[in-house]
Q: 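Sending over a structure as structure tokens; questions will come in a sec.
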Amino acid sequence: MLNDLTRICSLKDNVGKTVTIGGWVYHSRPGGKVIFLVVRDGSGLCQCIIEKTTVPEELFRQLSHLGMESSLTLTGAVRADGRSVGGYEIAVTDAKIFCPTQDYPITPKAHGIDFLLKNRHLHLRSQRQWGIGKIRHTVVNAIRQFFNDNGFTLVDTPILTGIVGEEAGSLFNVDYFEMPAFLTQTGQLHLECAALSFGKVYCFGPTFRAEKSKTRRHLTEFWMVEPEVAFVTLPDLLEIAENFVSFIVKQVLEKNEEELKTLGADIESLKKITPPFYRLTYTQASEILTSQKTQDFLAAQLDEFKKLKQEIENKIAALEIETKGQIKQWRQDKITAELIDLRSDLAEIETKIENNPKHAKLASEFKWGGDLGGSDETIISLMYDKPVFVTHYPRDAKAFYMKQDPENPKVVQNFDMLAPAGFGEIIGGSVREDIYEKLLARINEEGYKLENYQWYLDLRRYGSVPHGGFGLGVERTIAWLTGEKHIRQCIAFPRMMDKILI
RNA sequence: UCCCCGAUAGCUCAACUGGUAGAGCGAGCGGCUGUUAACCGCUAGGUCGUAGGUUCGAAUCCUACUCGGGGAGCCA
């Protein structure tokens, strides 16, 4: 059966031929003499025309009562037609219904996020989720291709682990035959072992964080890719990271322009993402945050928000007046839909207006020594049109394995990469401490149990070399590329704080 | 753990600030149409998140709780 089917994406090569497609009813407009069925098959959408005179009467009757997401195969001649979604349509002569569906819960109208998450098993079929899924596929492929083409060896690091990368406290505990174990939150430490075997390695898989974070940037299970390279300096790492991210962006632009458009992504901005990216030290970043320029920037932003709020309010008021007058039903419907959108925009802008002074205060009171907060990162990334590297964070704010900077012992050789347009951090990485005595001192300083780290210290005892790497969050990257506000839409089955739906 | 917002029909929202719960979509039936989130008519559908309280009267006001959303901390 499968081999007899033509995929909708290849209809363009079959104009004039009679083909059979298999899919699901995306939209149905039944009529007395003609039925318009928009069908999706996972590769695209196609409008199928069923005329009463060309199919058996019983079949026509059945097709006219098909609900959304009914499954079927349709046979007919392919023809090009500009009025049709996708540009091609099928003049149906035969059809086979597999499952007539009624009461499909997700309608073409607006739905709330809670409802859609509870119906994620069905929502995956929607155009939006489908587009994000296609882009995710490209991103994942690009990640693998980049490292494979650049001499990296894939190493699969364990998901169940007894060791901890950074501070504990945010890990999922597992009862491992009555022994304590965790779900991995990074493959880095294992990857360092492998880097001293293969030179350049990467791992790619799910990672788990039990952080109590309910924000648009957090999932408890997410996918992370981590390269680790021997004989590397911090500038080397930045170069790898900017080439890597630029490659992903380029691939998505090449392969998913249609999906990006559907999703409303900022394609022009993405086209600017080419090396080199901007480079700031933590100290420079902190100077920016506390500068008058930043206060002015935020004040200007606040004015912008207020202006926008006023505009939205004016629009709402105008529409509300219009609804009270004598107008056609279809116009009334449109206004209702617009009002819902506008009210949600309004709520969002009000949140921004509320947060702006808080963020300004946090930025102005920023003290050298602390980690950059989420809002601080947002402010910096908003000021640039390309990703920004922030390097050399204070040693005290960072993990024990990061290499102390020989020129300034107060900082480490690490970096974060902030995506532009205020999305924030998508990469975190560092050069690792490769000197035995220094690493030992740091482990003791943190009060970690030395016996757990003997193997890690061995890497500094036997053929230690300068090495380092970074981790890129796949869902955050996809959210940035697609303009999706929340990363939970960027994975098929999101795991969020205290919540596993299916 | 803390702060802000919310919960009314299957879905998205109203109910003009205390006076008998409405609309659209969706669903069902019928009609009509090369239709584009089509259109027209009819039908079905609600203990207003839960528990108390104030009141002649509560979806509306108060308290607590539950659930959800956004944010802080932390982070990819």
Q: Have a look at Ile106(A) and say if it touches a base, only the backbone sugar-phosphate, or nothing, with a 4.0 Å heavy-atom cut-off.
A: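 Result for Ile106(A) = nothing.
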Q: For G70(B), does either OP1 or OP2 sit under 4.0 Å from a side-chain N or O belonging to Arg488(A)?
A: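 Yes.
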Q: Pick base, sugar-phosphate or nothing for Arg79(A), based on heavy-atom distances below 4.0 Å to the nucleic acid.
A: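 Arg79(A): base contact, heavy atoms under 4.0 Å.
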Q: With a cut-off of less than 4.0 Å, is there a side-chain N or O of Arg29(A) near OP1 or OP2 of A38(B)?
A: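 Answer yes for this pair, as a side-chain N or O of Arg29(A) is under 4.0 Å from OP1 or OP2.
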Q: Describe the nucleic acid contact of Asp416(A) in one word from base, sugar-phosphate, nothing, applying a heavy-atom distance below 4.0 Å.
A: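 The residue Asp416(A) makes no contact with any strand.
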Q: Ignoring hydrogens and angles, are the base of G26(B) and the side chain of Gln102(A) linked by a donor-acceptor pair under 3.5 Å?
A: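 Flag unset: no donor-acceptor pair detected.
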Q: When you measure from the side chain of His111(A), which nucleotide among C75(B), A76(B), C11(B) comes out closest?
A: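 Among C75(B), A76(B), C11(B), the one nearest the side chain of His111(A) is C11(B).
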Q: If you apply the rule side chain to side chain contact (heavy atoms under 4.5 Å, CB included), what do you find for Val412(A) with Lys403(A), and how did you get there?
A: CA-CA 5 Å; Val412(A) 288; Lys403(A) 185 172 178 58; over 6 Å; no
Q: So what does Gly67(A) touch, heavy atoms closer than 4.0 Å: a base, only the sugar-phosphate, or nothing?
A: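 Nothing, no nucleic acid heavy atom in range.
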Q: Applying a 4.0 Å non-hydrogen cut-off, can you work out what Glu89(A) is touching in the nucleic acid: base, sugar-phosphate, or nothing?
A: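 Glu89(A): base contact, heavy atoms under 4.0 Å.
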Q: Between Arg209(A) and Thr207(A), do the side chains contain a donor N or O and an acceptor N or O under 3.5 Å apart?
A: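 Side-chain D/A pair, Thr207(A) to Arg209(A): absent.
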Q: Could you check whether Tyr401(A) and Gln188(A), counting side-chain N and O atoms only, form a donor-acceptor pair closer than 3.5 Å?
A: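 Per modelled atom types, Gln188(A) and Tyr401(A) side chains form a pair under 3.5 Å.
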Q: From the set A27(B), A76(B), G71(B), return the single nucleotide nearest to any side-chain atom of Asp103(A).
A: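 Among A27(B), A76(B), G71(B), the one nearest the side chain of Asp103(A) is A27(B).
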Q: At less than 4.0 Å, is any side-chain N or O atom of His218(A) found next to OP1 or OP2 of G73(B)? Yes or no.
A: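 So the side-chain polar atoms of His218(A) never come under 4.0 Å of the phosphate oxygens OP1 or OP2 of G73(B).
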Q: If you check the Gln47(A) side chain, which of C74(B), G10(B), U36(B) turns out closest?
A: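 From the listed options, U36(B) comes nearest.
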Q: C75(B) base to Arg476(A) side chain: any donor-acceptor pair below 3.5 Å?
A: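 Pair found.
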Q: Once you apply a heavy-atom cut-off of 4.0 Å, does Gly32(A) come out as touching a base, just sugar-phosphate, or nothing?
A: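 Here Gly32(A) touches the bases of the nucleic acid.
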Q: Could you work out which one of A38(B), C74(B), G28(B) sits closest to the side chain of Arg217(A)?
A: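 Nearest to the side chain of Arg217(A) among the choices is C74(B).
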Q: From the options G70(B), C29(B), G10(B), select the nucleotide whose nearest atom is closest to the side chain of Phe115(A).
A: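 Nearest to the side chain of Phe115(A) among the choices is G10(B).
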Q: Please verify the inter-ring angle class for Trp223(A) with Phe204(A); under 30° counts as parallel, over 60° as perpendicular, anything in between as tilted.
A: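 Perpendicular, since the angle between the ring planes exceeds 60°.
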Q: Is U43(B) in the syn or the anti form, by the rule that syn lies within 90° of 0?
A: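 In terms of base orientation relative to the sugar, U43(B) is anti.
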Q: Check this for me, if you would: do Glu69(A) and Arg125(A) make a salt bridge, where the nitrogen-to-carboxylate-oxygen distance has to be below 4.0 angstrom?
A: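 Arg125(A) and Glu69(A): salt-bridged.
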Q: Looking only at side-chain atoms of Thr215(A), point me to the closest of G69(B), G73(B), A27(B).
A: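 Among the listed nucleotides, the one closest to the side chain of Thr215(A) is G73(B).
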Q: Can you name the side-chain contact (heavy atoms from CB on, under 4.5 Å) partners of Val25(A), sequence neighbours left out?
A: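 So Val25(A) forms a side-chain contact (heavy atoms from CB on, under 4.5 Å) with Ser28(A), Leu37(A), Leu66(A), Ser70(A), Leu72(A).
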Q: Could you go over nucleotides 1-4 of chain B and give all protein N or O partners under 3.5 Å, atom names and distances?
A:
none

Q: If you only use heavy atoms from C-beta on, which nucleotide in U36(B), A27(B), G30(B) is closest to the side chain of His65(A)?
A: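 Between U36(B), A27(B), G30(B), the one nearest the side chain of His65(A) would be G30(B).
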Q: Quiz question: by atom type and distance under 3.5 Å, do the side chains of Tyr282(A) and Asn414(A) form a donor-acceptor pair?
A: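 The criterion, which ignores hydrogens and geometry beyond distance, is not satisfied for Asn414(A) and Tyr282(A).
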Q: How does RNA chain B look in dot-bracket form if you count Watson-Crick and G-U pairs under 3.5 Å, write [ ] for pairs that cross, and put | where a base pairs with another strand?
A: (((((((..((((.....[..)))).(((((.......))))).....(((((..]....))))))))))))....
